[in-house]
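Here is the structure we will look at, set down as structure tokens.
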Amino acid sequence: MVLSKYVARIMHPRPVSVIIGMSRTGEINGCSVSWFMPVNVDPFIFSVSLSPERLTYSYIKETKEVTLNIMPFRSVEKVHRAGSISGRELKNKLVELGFELESSSIVRVPHIKDALAYVEGILINELPFRDHSLMVFKGLKVYVDERYFRGNIFTEDAEVLLHVGGNTYAKPSNYARVE
Ligand SMILES: Cc1cc2nc3c(=O)[nH]c(=O)nc-3n(C[C@H](O)[C@H](O)[C@H](O)COP(=O)(O)O)c2cc1C
């Protein structure tokens, strides 16, 4: 098999979130990301692998503040659009796509009202590669919708949005509990 960017698909399905950043002049933009992960528990550190081609990347470099919004399956169409269109082509992209934004408490970047959970964070480090850059953030605040989070895990009816690859998405089902 030829190694290509598509080989990363063997590491899907994975949850999808929308990362939002702000330019130095206060413009807001965000895009869908599935290459994100927790890195450290205390302090809470998380990482997102973002291509420098994304407008969101440029905004994050300018002000360092972000929100990372974990999205439910019911938002699949909006999330797919946010990950297919650049804010360079569509001004005020998130609002135009129908995302409802709310003010955050610590960072100046808003979060998505319908998110199952979100983290407010600040860029603390970066490891650049050829087409993506691993951006490392310190979490300053975490919010989770407790209707869908019990015993420290998302319930099945949270329907966390998973990206399988291309335009194919899924939601977790058939939770199994091991004694
Ligand atoms: C489900 C999904 C997941 C994505 N994950 C990533 C990712 O982890 N990293 C990345 O750089 N781009 C990812 N993208 C692509 C960006 O979201 C896409 O290029 C977007 O249009 C960039 O928008 P912007 O230029 O407004 O920032 C993903 C797209 C989709 C649809």
Side-chain angles (χ1 to χ4, degrees), residues 3-39 45-101 107-112 114-119 121-137 139 154 158-172:
L3 264 177
S4 72
K5 62 179 180 172
Y6 300 109
V7 83
R9 291 284 180 257
I10 64 170
M11 299 190 182
H12 288 233
R14 25 186 337 111
V16 190
S17 64
V18 175
I19 187 165
I20 308 180
M22 188 177 80
S23 72
R24 66 172 74 84
T25 51
E27 290 144 306
I28 300 297
N29 189 59
C31 72
S32 303
V33 285
S34 53
W35 292 2
F36 68 94
M37 70 167 194
V39 173
I45 308 287
F46 61 98
S47 67
V48 181
S49 184
L50 256 188
S51 162
E53 289 177 5
R54 318 292 182 230
L55 180 62
T56 310
Y57 174 92
S58 309
Y59 281 13
I60 295 170
K61 292 290 281 185
E62 285 179 22
T63 62
K64 299 191 166 39
E65 297 180 14
V66 294
T67 63
L68 185 79
N69 301 265
I70 312 297
M71 300 307 295
F73 186 77
R74 62 177 179 276
S75 301
V76 63
E77 285 180 14
K78 280 187 282 188
V79 169
H80 188 66
R81 306 258 176 285
S84 312
I85 304 165
S86 174
R88 289 196 177 87
E89 303 149 33
L90 180 64
K91 284 263 166 274
N92 206 8
K93 175 171 91 173
L94 295 178
V95 172
E96 289 296 325
L97 292 178
F99 287 99
E100 208 174 321
L101 304 180
V107 297
R108 293 166 292 169
V109 179
H111 59 267
I112 296 175
D114 280 348
L116 295 168
Y118 66 83
V119 192
I122 184 123
L123 182 68
I124 55 168
N125 216 328
E126 186 177 358
L127 190 55
F129 294 94
R130 197 148 84 192
D131 50 64
H132 281 67
S133 188
L134 188 70
M135 305 184 97
V136 181
F137 300 91
F154 276 121
E159 300 193 331
V160 176
L161 179 60
L162 302 176
H163 186 220
V164 182
N167 62 0
T168 305
Y169 294 83
K171 55 189 172 190

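Counting convention: from 1, in listed order, for ligands and their atoms alike. FYI, the numbering just counts along the sequence from 1.
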Original post:
Given His163, Met71, Arg54, Glu89, which one has a non-hydrogen atom that is nearest to atom 16 (C) of ligand 1?
Top reply: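 Nearest option to atom 16 (C) of ligand 1, by heavy atoms: Arg54.
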Which residue and non-hydrogen atom of the protein lie closest to [atom], and at what distance in Å?
atom	result
atom 28 (C) of ligand 1	Ser32 O, 3.2 Å
atom 9 (N) of ligand 1	Ser49 O, 2.9 Å
atom 31 (C) of ligand 1	Tyr169 OH, 3.4 Å
atom 23 (O) of ligand 1	Lys93 NZ, 3.0 Å
atom 25 (O) of ligand 1	Ser86 OG, 2.6 Å
atom 27 (O) of ligand 1	Thr56 OG1, 2.5 Å
atom 29 (C) of ligand 1	Gly83 O, 3.4 Å
atom 5 (N) of ligand 1	Ser34 N, 3.0 Å

Under 3.5 Å side-chain donor-acceptor pair for [X] and [Y]:
X	Y	answer
Thr25	Glu27	yes
Asn29	Thr56	yes
Trp35	His12	yes

Original post:
How about Val160 and Leu116: do any of their side-chain heavy atoms sit closer than 4.5 Å?
Top reply: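 SC-SC contact between Val160 and Leu116 confirmed.
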Subject >> Electrostatic pair Glu126:Lys61 at N-O distance under 4.0 angstrom >> reply: yes
Original post:
So, is Val79 polar-close to ligand 1, with some N/O to N/O distance under 3.5 Å?
Top reply: no
**OP:** Kindly confirm or rule out an N or O of Gly87 lying under 3.5 angstrom from an N or O of ligand 1.
**Re:** yes
Original post:
Where on His132 is there a heavy atom closer than 4.0 Å to ligand 1, on the side chain, on the backbone, on both, or on neither?
Top reply: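 Contact part for His132 vs ligand 1: side chain (C-beta onward).
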For [X], the ligand 1 atoms whose distance to one of its heavy atoms is below 4.0 Å:
X	value
Cys31	17 (O), 20 (C), 22 (C), 23 (O), 27 (O)
Leu50	10 (C), 11 (O)
Asn29	24 (P), 26 (O), 27 (O)
Ser51	11 (O)
Trp35	8 (O)

Does atom [atom1] of [X] have more than 12 heavy-atom neighbours, drawn from other residues, nucleotides or ligands, at distances under 6.0 Å?
X	atom1	value
Glu96	CD	yes
Glu89	CD	yes
Glu62	CD	yes

Subject >> Test applied, side-chain contact (heavy atoms from CB on, under 4.5 Å); reference residue, Ile19; option that passes from Phe36, Phe137, Tyr59, Tyr57 >> reply: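 One option only clears the test, and that one is Phe137.
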**OP:** Look at ligand 1 and say whether Tyr59 reaches it with a heavy atom at a distance under 4.0 Å.
**Re:**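 No.
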**OP:** Of all the heavy-atom pairs spanning Arg9 and Val164, show the shortest one and how long it is.
**Re:**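 Shortest heavy-atom contact: CD-O, 3.9 Å.
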Original post:
Which pair of heavy atoms, one from Ser34 and one from His163, lies closest together, and at what distance?
Top reply: OG-ND1, 3.8 Å
